[in-house]
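Written below as structure tokens is the structure these notes are about.
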2 protein chains.
Amino acid sequence: MPPKDKASPSSASVTIRDVARLAGVSPATVSKVMNNAPYVSEETRQTVRAAADKLNFRPNSIARSLKMSRTATLGLITDDLEGVFTMSMMRGVEEVASAQGFSVFLCNSYGDVARERAHLEVLIDKKVDGVILLSGYRVRQRGAPALPLGGIPVVYLYQYTDEAAVRCVVPDDFGGAVLGAAHLAGLGRRRIAVINGPAHYEATRRRLEGVQDALARAGVSFDAALVRAGKWYESSGYAAARDLMSLPAPPDALFCMSDSIAVGALGALHDLGVRVPQDVALIGFDNRSFAVHQRPPLTTVALPLVQMGRLAGDLLLRDIREGGSAAELHRVPCELVVRQSCGASRA
Amino acid sequence: MPPKDKASPSSASVTIRDVARLAGVSPATVSKVMNNAPYVSEETRQTVRAAADKLNFRPNSIARSLKMSRTATLGLITDDLEGVFTMSMMRGVEEVASAQGFSVFLCNSYGDVARERAHLEVLIDKKVDGVILLSGYRVRQRGAPALPLGGIPVVYLYQYTDEAAVRCVVPDDFGGAVLGAAHLAGLGRRRIAVINGPAHYEATRRRLEGVQDALARAGVSFDAALVRAGKWYESSGYAAARDLMSLPAPPDALFCMSDSIAVGALGALHDLGVRVPQDVALIGFDNRSFAVHQRPPLTTVALPLVQMGRLAGDLLLRDIREGGSAAELHRVPCELVVRQSCGASRA
DNA sequence: AAGACTTCCGAAACCGTTTTCTGAAACGGG
DNA sequence: CCCGTTTCAGAAAACGGTTTCGGAAGTCTT
């Protein structure tokens with residue numbers, strides 16, 4: 001009996017009017033029970049609900065959005081979808097967003113301003129309730145171009161900006177460095193060298209300040225002759241480590257500002273025949289996935305990427321809910337993950 | 001003069017009626033010129049356009065979607081947002097989607113069926129035009145749960161399924177293995193061992209068939225005693241390599257079915273004092289980011305992740321446009337990237 | 001018993017587009 | 001000069017929900 005239309009449970013979309021008709025009430029009433037609005041009797045509630053799920057009714061959120069002008073939708077624009085830190089942060093925001101019933105649009109700008117702007121316009125047109133600008137880079141981007149945000153809340157993730165009234169969430173580089181340096185000092189290391197990233201990064205500056213602070217507090221002297229700055233990559237770490245170890249009084253610990261640098265340094269130490277951690281302790285930064293697979297496994301300070309993503313999502317959702325938008329800078333604390341390259345194992 | 005409303009170029013949303021009023025025409029006409037519909041004079045076209053961008057008019061795509069019941073929106077559900085292969089595939093689909101004016105919703109199911117289902121329902125409610133189910137795992141997922149797709153097109157990415165009328169795109173594991181094995185054979189290797197992944201993976205089976213095929217074609221005999229199966233991880237590669245090299249007649253080449261396995265094997269060979277590539281050639285699979293940083297840099301067969309993503313996006317968009325949906329399985333070809341672990345350098 | 005609330009429900013307007021459908025004007029052919 | 005066509009423009013009806021508003025009934029006060 002294919003002609004019977006009763007057999008198919010739904011197929012073409014069933015509207016609020018359909019369930020109203022079946023329940024013998026008005027569309028308005030159906031709307032009210034679907035939204036748990038007051039002033040509808042328990043009896044009709046039951047009737048309507050029964051009708052609704054007999055018809056397998058699912059409210060059309062497009063229609064709802066049109067009326068309410070809220071879409072329960074976020075935009076996420078990243079400048080490097082394939083960046084090594086990107087996906088963990090994305091996981092954080094996706095997690096809190098979907099937990100609160102929001103969906104997130106994914107946009108990749110490839111670091112191109114025009115593309116970013118285009119994405120943003122589409123997002124605005126699609127009436128997202130807020131957007132997160134996520135940078136896969138560490139570069140501090142001062143004076144970002146004024147974006148055509150349609151008056152919706154924005155938060156910058158892993159990115160600084162000078163724009164007024166936007167929130168930023170970044171890792172607490174200073175605190176992270178303190179953690180690492182204190183660890184080294186606590187293990188008895190006294191000549192602590194640092195192999196830093198490029199000088200123009202905000203992160204490197206703050207991390208360096210962090211080790212200085214921690215060392216001062218621990219009573220070990222900081223030797224400025226023991227710091228090298230270079231690139232974030234392995235080769236840079238390799239060269240710097242060789243250089244440092246050829247000093248008349250070589251260091252007994254290497255604080256590397258990235259895990260990549262650390263594996264480079266590890267290679268140099270290996271080539272030089274110096275033992276890690278017996279002769280020199282080695283610590284990295286970032287907690288990249290390969291850190292655990294080094295020999296010895298790398299002690300490192302972890303970037304709180306997922307937490308940063310979660311915080312960004314929470315801030316944005318709160319702004320959406322409450323309308324506020326103070327220009328706060330949130331530094332989320334790093335975490336020390338100790339493995340074996342410093343000579344101490346977990347308690 | 002704050003009371004003047006003329007100063008602010010837009011602020012509260014300007015609708016099609018506003019520009020109609022300013023242009024002195026009806027809303028219908030404005031709609032027509034915005035969509036380049038025929039039967040409107042060039043003169044009014046100009047007038048309307050002028051009014052539109054004087055008012056900075058941006059059409060409300062929610063309203064449009066409501067009427068048209070097409071949202072220019074895709075859903076992408078991944079079971080492992082942080083998976084090592086996920087983001088490259090995502091980049092591919094984002095690329096083609098946004099190039100064609102589509103936005104993509106990002107959903108992370110954590111491999112949890114209930115969560116996947118929940119996401120899917122939200123996507124359906126949000127009236128996405130199609131969805132991509134992206135698996136970060138290699139596991140073949142036969143008989144996936146029948147999902148409540150609301151009659152919209154779906155494509156499975158990096159994932160097999162038995163469901164009717166859905167498209168799948170996966171890498172051509174067989175062809176990739178042929179590439180690698182032929183490379184080894186062409187370099188004169190005769191005793192080629194393979195360190196495989198778990199036996200229950202479709203990928204491992206096909207890859208093994210690939211090397212057998214290539215070897216047969218190259219006239220080098222395939223020794224079944226020279227294959228080991230294990231996990232995808234380094235430790236597995238390490239153990240297998242040691243085992244293989246302790247044979248009375250050890251192999252002169254190791255075909256590792258993942259780059260992780262290969263670096264494990266590389267470690268074993270190093271510990272054993274056998275030289276790579278002089279004594280034994282080593283080839284990996286996947287082209288992971290760390291492959292290039294090995295010593296020697298790893299020759300490997302690259303998974304065509306971005307291309308797979310692009311293809312999935314193209315297929316889906318085509319289905320959306322044309323309504324078709326044949327259940328095709330697309331195997332996209334892998335690519336050999338030769339570095340130094342096999343003794344041949346690039347031409 | 002009359003008035004003041006309170007509860008319950010539905011008619012209708014609305015959100016901002018698109019799309020008929022109708023009609024007027026211009027045009028062209030015989 | 002009259003009668004098809006064709007071009008152009010607008011009124012109005014959707015699309016599928018939410019919300020205001022008013023009316024009807026019921027419940028408490030005095």
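Letters A, B, ... are given to chains in the order of the sequence lines, protein chains preceding strands, and every chain is numbered from 1.
Note on residues 59-70 of chain A: no pairs pass side chain to side chain donor-acceptor pair (under 3.5 Å), not counting sequence neighbours. Pairs passing the salt bridge (charged side-chain N to carboxylate O under 4.0 Å, His left out) check and including a residue from residues 37-52 of chain B, sequence neighbours excluded, do not occur.
Listed by chain and residue number, Thr73(B), Phe105(B), Leu123(B), Val131(B), Ile152(B) satisfy the side-chain contact (heavy atoms from CB on, under 4.5 Å) test with Val128(B) (two or more places apart in sequence, or in another chain). Partners of Arg21(B) according to the salt bridge (Lys or Arg N to Asp or Glu O under 4.0 Å) rule, which considers only residues two or more places apart in sequence or in another chain, are Asp18(B). For the ring-ring contact (aromatic ring centres under 6.0 Å, His included) test, no residue two or more places apart in sequence or in another chain qualifies with Phe102(A). Here Val170(B) pairs with Tyr160(B), Leu329(B), Arg331(B) under the side-chain contact (heavy atoms from CB on, under 4.5 Å) rule; sequence neighbours left out. Qualifying side-chain hydrogen bond (donor to acceptor under 3.5 Å, both in side chains) partners for Lys127(A), counting only residues two or more places apart in sequence or in other chains: none.
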Would you tabulate the side-chain donor-acceptor contacts of residues 313-321 of chain B under 3.5 Å, counting partners in other chains and residues two or more places apart, or write 'none'?
unit_1: Asp319(B); atom_1: OD1; unit_2: Arg167(B); atom_2: NH1; d: 2.2
unit_1: Asp319(B); atom_1: OD2; unit_2: Arg167(B); atom_2: NH1; d: 2.8
unit_1: Arg321(B); atom_1: NH2; unit_2: Gln100(B); atom_2: OE1; d: 3.0

Determine all donor-acceptor pairs shorter than 3.5 Å in which one atom belongs to a side chain in residues 28-39 of chain B; sequence neighbours excluded.
unit_1: Thr29(B); atom_1: OG1; unit_2: Ser26(B); atom_2: OG; d: 3.2
unit_1: Asn35(B); atom_1: ND2; unit_2: Ser31(B); atom_2: O; d: 3.4

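Near-neighbour residues of DNA chain C inside residues 43-50 of chain A, defined by a heavy atom below 4.0 Å, number-ordered: Thr44(A).
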Below 3.5 Å is the cut-off: list the nitrogen or oxygen pairs between protein and nucleotides 14-18 of chain C, distance only.
unit_1: dC14(C); atom_1: O2; unit_2: Lys67(A); atom_2: NZ; d: 3.2
unit_1: dG16(C); atom_1: N7; unit_2: Arg17(B); atom_2: NH2; d: 3.4
unit_1: dT17(C); atom_1: OP1; unit_2: Asn60(B); atom_2: N; d: 3.2
unit_1: dT17(C); atom_1: OP2; unit_2: Ile16(B); atom_2: N; d: 2.7
unit_1: dT17(C); atom_1: O4; unit_2: Arg17(B); atom_2: NH2; d: 3.4
unit_1: dT18(C); atom_1: OP1; unit_2: Asn35(B); atom_2: ND2; d: 3.2
unit_1: dT18(C); atom_1: OP1; unit_2: Arg64(B); atom_2: NH1; d: 3.4
unit_1: dT18(C); atom_1: OP2; unit_2: Ser31(B); atom_2: OG; d: 2.5

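Note that the first and last nucleotides of DNA chain D, 5' to 3', having any atom under 4.0 angstrom from a heavy atom of chain A are dG16(D) to dT19(D).
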